[in-house]
Each structure stands twice: as C-alpha cells, then as structure tokens.
Amino acid sequence: MRITVDDAACVGHGRCYALAPDVFASDDFGHCTVLVPEIEAGSPLELGARQGAENCPERAITITD
Ligand code: F3S
C-alpha cells in the first residue's frame with residue numbers, strides 16, 4: 001500500500017503523527033511528512049497508517065491499496 005499526503009490540504013492538525021509516529025512525522029511547520037511511503041500489506045505499520053488517514057480532519061492522507 002502507498003501512503004501520500006496532499007501538501008496543499010494538510011494544515012498541521014497533527015493527528016496523523018500523534019497516532020502513528022512510526023509512519024508520519026512533523027516538518028518544521030507542523031505539517032505531515034510520510035516516513036514510510038510504501039507499506040507491505042499485513043505490516044504492523046498498516047493499522048497506524050490507516051488510523052492516521054482516517055483521523056485527518058482535512059482528509060489530506062491517501063492510502064492506495
Ligand atoms: Fe496534516 Fe491531517 Fe496530519 S492536517 S498534520 S495530515 S492530521
């Protein structure tokens with residue numbers, strides 16, 4: 001699965017990296033960067049990636065299976 005962030009949509013709510021710090025991180029402005037853009041299905045990181053995406057109020061994170 002592929003994880004991408006729409007930089008134009010992210011406003012820095014920070015829920016993604018609070019919920020899944022192994023997958024997402026903050027840049028210098030509090031906006032999201034993706035630490036692991038490709039995750040194997042079934043990986044322990046998968047749940048965090050999905051939680052981060054589902055909890056972004058801006059829907060800035062996209063997961064492509
Ligand atoms: Fe940005 Fe959404 Fe995370 S606004 S910092 S991608 S929770």
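Since this is a predicted model, take the numbers as computed values, not measurements. Atoms within a ligand are numbered from 1 in the order they appear, just like the ligands themselves.
Of the protein's non-hydrogen atoms, Gly14 N, 3.3 Å is the one closest to atom 5 (S) of ligand 1.
Taking a 6.0 Å sphere around CD of Glu38, one finds it holds more than 12 heavy atoms contributed by other residues, nucleotides or ligands.
Residue contact check: Cys10 has heavy atoms under 4.0 Å from atoms 1 (Fe), 4 (S), 5 (S), 6 (S) of ligand 1. Contact atoms of ligand 1 toward Cys32: 3 (Fe), 5 (S), 6 (S) (distance under 4.0 Å to a heavy atom of the residue). Distances below 4.0 Å separate heavy atoms of Gly12 from the following atoms of ligand 1: 1 (Fe), 4 (S), 5 (S). For ligand 1, the atoms closer than 4.0 angstrom to any heavy atom of Val11 are 4 (S). Listed by number with element, the atoms of ligand 1 under 4.0 Å from a non-hydrogen atom of Cys56 are 2 (Fe), 4 (S), 6 (S), 7 (S).
If you chain together hydrophobic residues whose side chains sit under 4.5 Å apart, Tyr17 and Ile63 fall into the same group. Hydrophobic clustering, with ILVMFWY side chains joined whenever heavy atoms are under 4.5 angstrom apart, groups Met1 together with Leu45.
At least one N/O/S atom of Cys16, whether from backbone or side chain, sits less than 2.8 Å from atom 3 (Fe) of ligand 1.
Here the straight-line distance linking atom CG of Asp22 with atom CG of Leu47 works out to 11.5 Å at 0.5 Å rounding.
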* Asked: How far apart are the C-alpha atoms of Leu35 and Val23, what are their side-chain angles, what is the distance that settles it, and do they pass the side-chain contact (heavy atoms from CB on, under 4.5 Å) test?
  -> CA-CA 5 Å; Leu35 298 174; Val23 180; 5.9 Å; no
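Each of Val36, Val34, Thr62, Thr64 was checked for a side chain to side chain contact (heavy atoms under 4.5 Å, CB included) with Ile3, and the lone residue meeting it is Val34.
A heavy-atom separation below 4.0 Å is not found between Val5 and ligand 1.
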